[in-house]
Amino acid sequence: MKIDVGHAAKLANLPLSEEEKRKFGKQLSSILDYVNKLGEVDTKDVEPTSQVTGLENVTREDVVTPSLPQEEVLKNAPSTGSGQAKSTHNGFFKVPAILESH
Amino acid sequence: MKLNELTIKQAREGLRAKKFSSVELTKTCLERIKKLNPQINAFITVCEEEAFAVAKRADILASQGETWEAKPLLGIPFSMKDVYSTKGIRTTAGSKVLENYYPVYNATVYQRLIDAGAVLIGKTNCDAWGHGASTENSDFGAVKNPWDMERVAGGSSGGEAAAISSDMTIFGIGEDTGGSIRLPSSFCSTAGLKVTYGRVSRYGAIAYASSLDSMGPMAKSVEDLALLLSIIAGKDDKDATSSSKEAADYVNSLKKGTKGLKIGLPKEFYGQGLDGEVKEAIMAVVKTLEKQGAQIVDISIPSTEYGIATYYIIAPSETSSNLARYDGIRFGNGREAFGDEAKRRIMLGTYALSAGYYDQYYLKAQKVRTLVKQDFEKAFTQCDVIIGPVSPTPPFKIGEKVNDPLQMYLVDVYTVLINLAGVPSLALPCGFSNAGLPVGFQVIGPQFSEQLLLNIGSQYEKVNERHKRKPNL
């Protein structure tokens, strides 16, 4: 089983070197060969399990509850580099421009 | 006996009798950490200053007559696997992505423990994001096994088990997605409980695989596990998957006997691949329980063979989704900071969920998961509990499996099934190999049967003193 590591890495937004692509490609292929044994199992008419204790549609009252203060939420924004300044602006997270790269 | 060697029960007795203070108790643990951690690498963060402040407050509260009913852990030092959010205290999940992350809120488990008066002394080392069976996948270096420094402590909660077995802490909290509490407990000769999925809140614990993650206590005795579970178990509105089933008073019910108990031994757990010495040690456990009045039943879990394949599709799929939030914008470093194993699991999961492969992998694995769950349900119509090995071998050498991910995954053969079925399992020490390496076993029960497992563990502990043996450090 061969896996397109470049494609999977792109979907997952993981920056990989050529060397990593080679190494992971080999390792992931041997893992996929192993997990493919699931194909032997007859699962006709078997329902999938996603919630193992049988809970369904757990909801809460639609009421406003306290949230974290804005400055707390912004506390873990990355530093901009040399100084202590955080990459935030007017109470928002600053993000890199994405439009020109596509 | 030195103060850091005490169990919770013993520490409470000493504090109550004013034989020592919480500050003294905390100090001996911190001194032990200073002495041994450079070698064992069990802690990523030690919070000495915060610990002394909390311990001092505990001593004042005790002198003012604070009751044990209101604060059952008043002044008792503890450590937590570094996946629990602790406000203002660094929380890394064992990954360089979060090497400078300071949570702004508390995990529910942590909140309940500090509300009970416990004193956090540090955050323990683990495979990054919980991805591993040896703690070698930690971005902060492998944990050494206190019984043999050339060997792994097990994973992913390896730092916690090593800290408990080397008496750096009084008790700990781990997290188990596919064996991460039980495996290190077994490798380090400590007690650990993987609870029923949803028995303990997951809120504020950094997620690995959300449909499998189970929070649980790790300690030096079964009675301590029971006390801790009664504090941390129960419904939490912040975790919709937490169970509203009432948590029991696990300590006071411990004395119930195990007479007439039916113990199932699945033939698939004792076949090829199981080390002879491990098998022998577990059979001795079964004999002991038989002498105490239990009956042995031969059973089968036919899906055992497919456990690892099922787990290594579901867990990486869910982790690829959970780790998508680490974008280097709101917290933590960028995605280039992920280590090798995280990258592997993210890609494996992304692939299994991607267009054209979803039905073949993720959906298929969820269907096989149903079969695993049904196998356990059927087994529990024939027996009350199942006894099995935790790991196929005693602890292996550092470096032995780290370059072959599939070999590392196969270590989880007896543990992942339990997470897939969502049932609880108690891991306890049962002996040592000829080379002096710890061997553990697990008692598995139906969903929400924690009380029964703890009762059996408690009965066993009375006649087996091996859990009291300490590594020579």
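Chain identifiers are assigned alphabetically (A, B, ...) following the order of the sequence lines, protein sequences preceding nucleic acid strands; residue numbering begins at 1 within each chain.
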Undergrad: Please give me the minimum heavy-atom distance between Ala12(A) and Ile346(B), naming the atom from each residue.
TA: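 Looking at all heavy atoms of both residues, the shortest contact is CB-CG2, 3.5 Å.
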Undergrad: What are the two closest non-hydrogen atoms of Ser50(A) and Gln366(B), and how far apart are they?
TA: CB-NE2, 3.4 Å
Undergrad: Can you tell me which portion of Ala324(B) sits under 4.5 Å from chain A's heavy atoms? Options are side chain, backbone, both or neither.
TA: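 Neither part.
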Undergrad: Report which part of Leu420(B) has an atom under 4.5 Å of a heavy atom belonging to chain A: side chain, backbone, both, or neither.
TA: backbone
Undergrad: At a 4.5 Å cut-off on heavy atoms, which part of Lys373(B) comes close to chain A: side chain, backbone, both, or neither?
TA: side chain
Undergrad: Please flag which part of Leu353(B) lies under 4.5 Å from any non-hydrogen atom of chain A: side chain, backbone, both or neither.
TA: neither
Undergrad: Using non-hydrogen atoms and a 4.5 Å limit, figure out which bit of Ser243(B) sits close to chain A: side chain, backbone, both or neither.
TA: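 The answer is neither part of Ser243(B).
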Undergrad: Can you tell me which of Asp237(B), Asn100(B), Ile308(B), Leu363(B) forms the most heavy-atom pairs within a distance under 4.5 Å of chain A?
TA: Ile308(B)
Undergrad: Identify which part of Thr310(B) has an atom lying under 4.5 Å from any heavy atom of chain A, answering side chain, backbone, both or neither.
TA: both
Undergrad: Can you tell me if Arg335(B) uses its side chain to pair, donor with acceptor, with the backbone of Asn13(A) under 3.5 Å?
TA: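 Flag set: sc Arg335(B) to bb Asn13(A) pair under 3.5 Å.
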Undergrad: Sort Lys87(B) into side chain, backbone, both or neither according to what part of it lies under 4.5 angstrom from a heavy atom of chain A.
TA: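 Side chain only.
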Undergrad: Can you tell me how far apart OG1 (Thr53(A)) and CZ (Phe448(B)) are? Round to the nearest 0.5 Å.
TA: 5.5 Å
Undergrad: For the interface with chain A, which of Tyr312(B), Tyr102(B), Tyr306(B) has the highest count of heavy-atom pairs at distances below 4.5 Å?
TA: Tyr306(B)
Undergrad: So what's closer than 4.5 Å to chain A heavy atoms on Tyr311(B): side chain, backbone, both or neither?
TA: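 Neither part, no heavy atoms under 4.5 Å.
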Undergrad: May I ask you to name which of Thr350(B), Val372(B), Thr370(B) has the most heavy-atom pairs under 4.5 Å with chain A?
TA: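 Looking at each of Thr350(B), Val372(B), Thr370(B) in turn, Thr370(B) comes out on top.
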Undergrad: Is Ser320(B) close to chain A through its backbone or its side chain, or both, or neither, when contacts mean heavy atoms under 4.5 Å?
TA: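 Neither; nothing under 4.5 Å.
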Undergrad: Checking an interface table here. Which of residues 38-47 of chain A come within a heavy-atom distance under 4.5 Å of chain B?
TA: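 Under the 4.5 Å heavy-atom cut-off, Leu38(A), Gly39(A), Glu40(A), Val41(A), Asp42(A), Thr43(A), Val46(A), Glu47(A) qualify.
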Undergrad: Can you tell me how far apart CD1 (Ile31(A)) and CD1 (Ile313(B)) are? Round to the nearest 0.5 Å.
TA: 11.0 Å
Undergrad: Give a yes or no on whether Lys96(B) atom NZ has more than 12 heavy-atom contacts from other residues, nucleotides or ligands under 6.0 Å away.
TA: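 Atom NZ in Lys96(B) is packed in, count exceeds 12.
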Undergrad: Is the number of heavy atoms from other residues, nucleotides or ligands under 6.0 Å of Lys235(B) NZ greater than 12?
TA: yes
Undergrad: Measure across Ile329(B) and Phe93(A) and return the closest heavy-atom pair with its distance rounded to 0.1 Å.
TA: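 Taking Ile329(B) first and Phe93(A) second, the nearest heavy atoms are O-CD2, 3.5 Å.
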Undergrad: Answer yes or no: is there a donor N or O on one side and an acceptor on the other, between the side chain of Asn76(A) and the main chain of Gly332(B), under 3.5 Å?
TA: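 Judged by distance alone, no pair lies under 3.5 Å.
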Undergrad: Do any N or O atoms from the side chain of Arg369(B) and from the backbone of Val52(A) form a donor-acceptor pair under 3.5 angstrom?
TA: no
Undergrad: Between Leu16(A) and chain B, which part of the residue has a heavy atom less than 4.5 Å away: side chain, backbone, both or neither?
TA: side chain
Undergrad: For residues Asp340(B) and Glu20(A), determine if any side-chain heavy atom of one lies less than 4.5 Å from a side-chain heavy atom of the other.
TA: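 They are in side-chain contact.
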Undergrad: When you compare the side chain of Tyr105(B) with that of Val73(A), does any pair of heavy atoms fall below 4.5 Å?
TA: no
Undergrad: How about CZ on Phe92(A), more than 12 heavy atoms from neighbouring residues, nucleotides or ligands closer than 6.0 Å, or not?
TA: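 At most 12 heavy atoms, drawn from other residues, nucleotides or ligands, come within 6.0 Å of this atom.
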Undergrad: Could you grab the distance from atom NZ of Lys364(B) to atom CG of Asn36(A), nearest 0.5 Å is fine?
TA: 11.0 Å
Undergrad: Non-hydrogen atoms of chain B under 4.5 Å away: do they reach the side chain of Lys37(A), the backbone, both or neither?
TA: both
Undergrad: Of all heavy-atom pairs between Tyr34(A) and Glu305(B), which one has the smallest distance, and what is that distance?
TA: OH-O, 4.3 Å
Undergrad: What I'd like to find out is whether the side chain of Gln27(A) reaches to under 4.5 Å of the side chain of Met347(B), using heavy atoms alone.
TA: no
Undergrad: If you look at every heavy atom in Ser242(B) and Leu55(A), which pair is closest and at what distance?
TA: O-CD1, 4.3 Å
Undergrad: What part of Glu336(B) gets closer than 4.5 Å to chain A, counting heavy atoms only: side chain, backbone, both or neither?
TA: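 Both the backbone and the side chain of Glu336(B) come within 4.5 Å of chain A.
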Undergrad: So what's closer than 4.5 Å to chain A heavy atoms on Ser321(B): side chain, backbone, both or neither?
TA: neither
Undergrad: Is there a side-chain contact between His7(A) and Tyr351(B) in this structure, where contact means two heavy atoms from C-beta onward sitting under 4.5 Å apart?
TA: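 No. Closest side-chain heavy atoms not under 4.5 Å.
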Undergrad: Which region of Ala365(B), side chain (C-beta onward) or backbone (N, CA, C, O), has a non-hydrogen atom less than 4.5 Å from a non-hydrogen atom of chain A, or is it both or neither?
TA: both
Undergrad: Counting only non-hydrogen atoms closer than 4.5 Å, does Gln374(B) touch chain A with its backbone (N, CA, C, O), its side chain (CB onward), both, or neither?
TA: neither
